[in-house]
Protein chains: 2
Amino acid sequence: MSSKAIGEDTLPTSKPLAVLVEPSVSEAENVAREAISHHRTLLVVGKCSVDYAGRAKSKLEPGERIVIVKADGSLLVHRSIGYEPVNWMPGGNVIFHVQCREYTLDIRAIRQKPSESVRVSFESIQLISALSLVDVAEFSLYASEEDMQKAVLLKPELLEEGFKLISWEKKVEPGFIDVYGVDKDGRLVVVEIKRKTAGKDSALQLAKYIEAIKSKADREVRGILASPNIAKDVQRLLVTFGLEFKRLDPRKCAEILRRAENKKLAEYFDENPS
Amino acid sequence: MSSKAIGEDTLPTSKPLAVLVEPSVSEAENVAREAISHHRTLLVVGKCSVDYAGRAKSKLEPGERIVIVKADGSLLVHRSIGYEPVNWMPGGNVIFHVQCREYTLDIRAIRQKPSESVRVSFESIQLISALSLVDVAEFSLYASEEDMQKAVLLKPELLEEGFKLISWEKKVEPGFIDVYGVDKDGRLVVVEIKRKTAGKDSALQLAKYIEAIKSKADREVRGILASPNIAKDVQRLLVTFGLEFKRLDPRKCAEILRRAENKKLAEYFDENPS
DNA sequence: ATATGCATGTCGCAC
DNA sequence: GTGCGACGTGCATAT
């Protein structure tokens, strides 16, 4: 989970490779050409028009915007309002052409599959900068295991249609069962929840719980391993023990909790401690 | 369709309100606070970490990124690669807090509905700029009427299920029928295509075509007005003449043409000139 | 390679 | 306000 790059703390923050305020288009051309050819990040603020042709066609009359060209070839044109770029090009196999015409600086981005192109034509530039952004940090989007359990308790149908909750954190011989219930056919179900990719230990743990329940209830008991994913070799284990896997998306769980309004939920769980 | 703002050509391009290269966090704080409170555009490049909590949760460890805060309250955090922002806040009812802590500049964006917040914490800043972007230009995304007709000819089901093409640009007394065919029940159908919002003239023209066909064929004839939209008062006219409206999205049409590969399509139409 | 489903989707439009 | 569909959706995953 550690995501610090080696030397990240010891290296000083990068300086901009270039910053020009109100340059001429030809001065800006050099910066733009260098930045794009060396796969740096290019940042341009200026008055420009934009034409797009490909999956559709579009025309944007002159106005002052922020344009970003990234190292991977993605291009963004942002107006003064709006979350979304008004024009763009997703990164990938994108070819750029930087050209200084009479009084304009043109940046063209072209890609195949789908075939489309964007041309940004600057008639004046307020600010241009070439940047060498150092960013190797990890981005993590998550819900905690507790969050995922709460989501399942709130919406048991996340596991399967017709699942009815009996209890949670149920004490059995080997430990605590995350979620316990019955399926639509009346069979007992033991659920083991894992926040991330489930390993062998999860399957083994689940198998033990099931044995514990079976020995007491003397009924058919299903076991469901609910996690975002399972390790490859766990699949065999599931088959061996007759267990099932249910993919559970932590982001989806997080969204469900949001919708249920965490505050009220917390009260509910405080008042009903398993 | 003209979209030039009054005075747009006579006013000089805006100058950046502020541009600071490698400022201290406290210097940057002033710029950020001013820009946000006056609903300007704020542009920051620097080493930052980002935390998001709301519909989901996310954590982004320190790295150098581009951060934009727009006049409408939208916030974007862009890494060195990728079309999409790694973190963001859509514009609208967003409240910002700018705070200079010991050695960091924090920018927090908070909104309700859905309840979520993003905090960007800068530990160093390469470049910060407050901008007053003048941009009143119109953005138009379109397919030509010819494109829309080609799309309908390629995919008649755009009009309705079971529509069979008979001909196009068919000559009748008052002029040319855009598209002519039969519906799934064998009734004749006359289609009038408009690239933009259809006015009364479109409905009247369509009605004339239908009369012309009826007088010759002596069969039931349906009339469909296909366009992105119809003017409010046209609705009454449609009812009066027993005409129908079918919404036709020019962007969708443009995409259909793309998929059909324009080149081959052009050949086809050249070889089959109505 | 294409087909399918999800997204912190966002956004616009009808009800 | 709320729900529904479209998007130059983008993007990942499964086939």
Side-chain angles (χ1 to χ4, degrees), chain A residues 50-60 70 72-79 81-92 94 109-119 139-143 147 158 197 228-230 247-259, chain B residues 50-60 70 72-78 81-94 109-119 139-143 147 151 158 197 228-230 232 235 245 247-259:
Chain A
V50 187
D51 289 274
Y52 159 79
R55 285 170 288 182
K57 300 173 188 174
S58 76
K59 189 173 182 62
L60 179 61
K70 293 192 183 184
D72 64 343
S74 46
L75 178 147
L76 307 168
V77 180
H78 274 279
R79 307 187 76 168
I81 60 170
Y83 153 82
E84 295 180 307
V86 60
N87 279 111
W88 72 92
M89 184 76 89
V94 182
I110 302 169
R111 74 161 172 175
Q112 319 294 339
K113 285 180 69 72
S115 171
E116 50 188 355
S117 69
V118 177
R119 190 191 71 219
F139 174 72
S140 48
L141 181 64
Y142 57 89
D147 287 342
L158 278 175
T197 301
N229 216 336
I230 53 171
R247 198 181 105 79
L248 210 57
D249 187 338
R251 290 163 299 188
K252 188 75 179 176
C253 291
E255 189 180 349
I256 287 165
L257 289 192
R258 172 189 65 85
R259 287 184 182 152
Chain B
V50 187
D51 290 273
Y52 159 76
R55 286 170 289 180
K57 299 173 188 174
S58 76
K59 189 172 181 62
L60 179 60
K70 294 191 183 185
D72 63 345
S74 46
L75 178 146
L76 307 169
V77 181
H78 274 280
I81 60 171
Y83 153 81
E84 295 179 306
V86 59
N87 281 110
W88 72 91
M89 184 76 88
N93 297 318
V94 181
I110 302 169
R111 73 163 172 175
Q112 321 293 338
K113 287 177 69 68
S115 170
E116 51 188 354
S117 68
V118 177
R119 191 191 69 219
F139 174 71
S140 48
L141 181 64
Y142 57 90
D147 287 341
L158 278 173
T197 301
N229 217 337
I230 52 172
K232 201 75 179 183
Q235 182 61 52
F245 167 67
R247 196 181 105 80
L248 209 55
D249 188 335
R251 289 164 300 189
K252 187 77 178 175
C253 291
E255 189 180 349
I256 286 165
L257 290 192
R258 173 188 66 85
R259 286 183 182 156

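Residue numbers start from 1 in every chain, and the chains themselves are labelled A, B, ... in the order their sequence lines are given, proteins ahead of strands. Side chains are part of it too, since the values below use all heavy atoms of this structure and drop only hydrogens, waters and symmetry mates. Everything numeric in this text was worked out from a predicted model, so none of it was measured.
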Is any side-chain heavy atom of [Y] closer than 4.5 Å to one of [X]?
| X | Y | result |
| --- | --- | --- |
| A:Asn87 | A:Leu60 | yes |
| B:Asn93 | B:Arg111 | no |
| A:Lys70 | B:Tyr83 | no |
| A:Val86 | A:Val50 | no |
| A:Tyr52 | A:Lys57 | no |

Tell me: [atom1] of [X] to [atom2] of [N], nearest whole Å?
| X | N | atom1 | atom2 | result |
| --- | --- | --- | --- | --- |
| B:Asp72 | C:dT10 | CG | P | 13 Å |
| B:Asn87 | C:dT10 | CG | P | 12 Å |
| A:Leu141 | C:dC6 | CG | C1' | 12 Å |
| B:Met89 | C:dG9 | CE | P | 13 Å |
| A:Leu76 | D:dG8 | CG | C1' | 14 Å |

(message) Which heavy atom of A:His78 sits nearest to which heavy atom of B:Leu76, and what is that distance?
(response)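 Distance-wise, the nearest heavy atoms are CE1-CD1, 3.2 Å.
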
Between the protein and nucleotides 10-14 of chain D, list the N/O to N/O atom pairs that are separated by less than 3.5 angstrom.
from: D:dG10; atom 1: OP1; to: A:Arg55; atom 2: NH1; distance (Å): 3.3
from: D:dG10; atom 1: OP1; to: A:Arg55; atom 2: NH2; distance (Å): 2.7
from: D:dG10; atom 1: OP1; to: A:Trp88; atom 2: NE1; distance (Å): 3.4
from: D:dG10; atom 1: OP2; to: A:Arg55; atom 2: NH1; distance (Å): 2.8

(request) Please list, chain by chain and in numerical order, all residues satisfying side chain to side chain contact (heavy atoms under 4.5 Å, CB included) with B:Ile110, sequence neighbours excluded. (result)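 B:Ile110 satisfies side chain to side chain contact (heavy atoms under 4.5 Å, CB included) with B:His97, B:Arg108, B:Gln112, B:Ser117 once adjacent residues are dropped.
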
(message) For a quick check of understanding: with a heavy-atom distance under 4.0 Å over all strands, which category does B:Phe139 fall into, base, sugar-phosphate or nothing?
(response)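 No contact at all - B:Phe139 keeps every heavy atom at 4.0 Å or more from the nucleic acid.
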
(request) Name all stems that contain residues of DNA chain D, defined as runs of 3 or more consecutive Watson-Crick or G-U wobble pairs, both distances under 3.5 Å. (result)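 Paired runs of 3+ in DNA chain D: C:1-7 with D:9-15, C:9-15 with D:1-7.
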
(request) Give a yes/no on whether any side-chain N or O of B:Lys113 is located under 4.0 angstrom from OP1 or OP2 of D:dT2. (result)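 Checking B:Lys113 against D:dT2: at least one side-chain N or O falls below 4.0 Å of OP1 or OP2.
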
(request) Please check if any side-chain donor atom of A:Ser58 sits under 3.5 Å from a side-chain acceptor atom of A:Asp51, or the reverse. (result)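 Not at all, the side chains of A:Ser58 and A:Asp51 share no donor-acceptor pair under 3.5 Å.
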
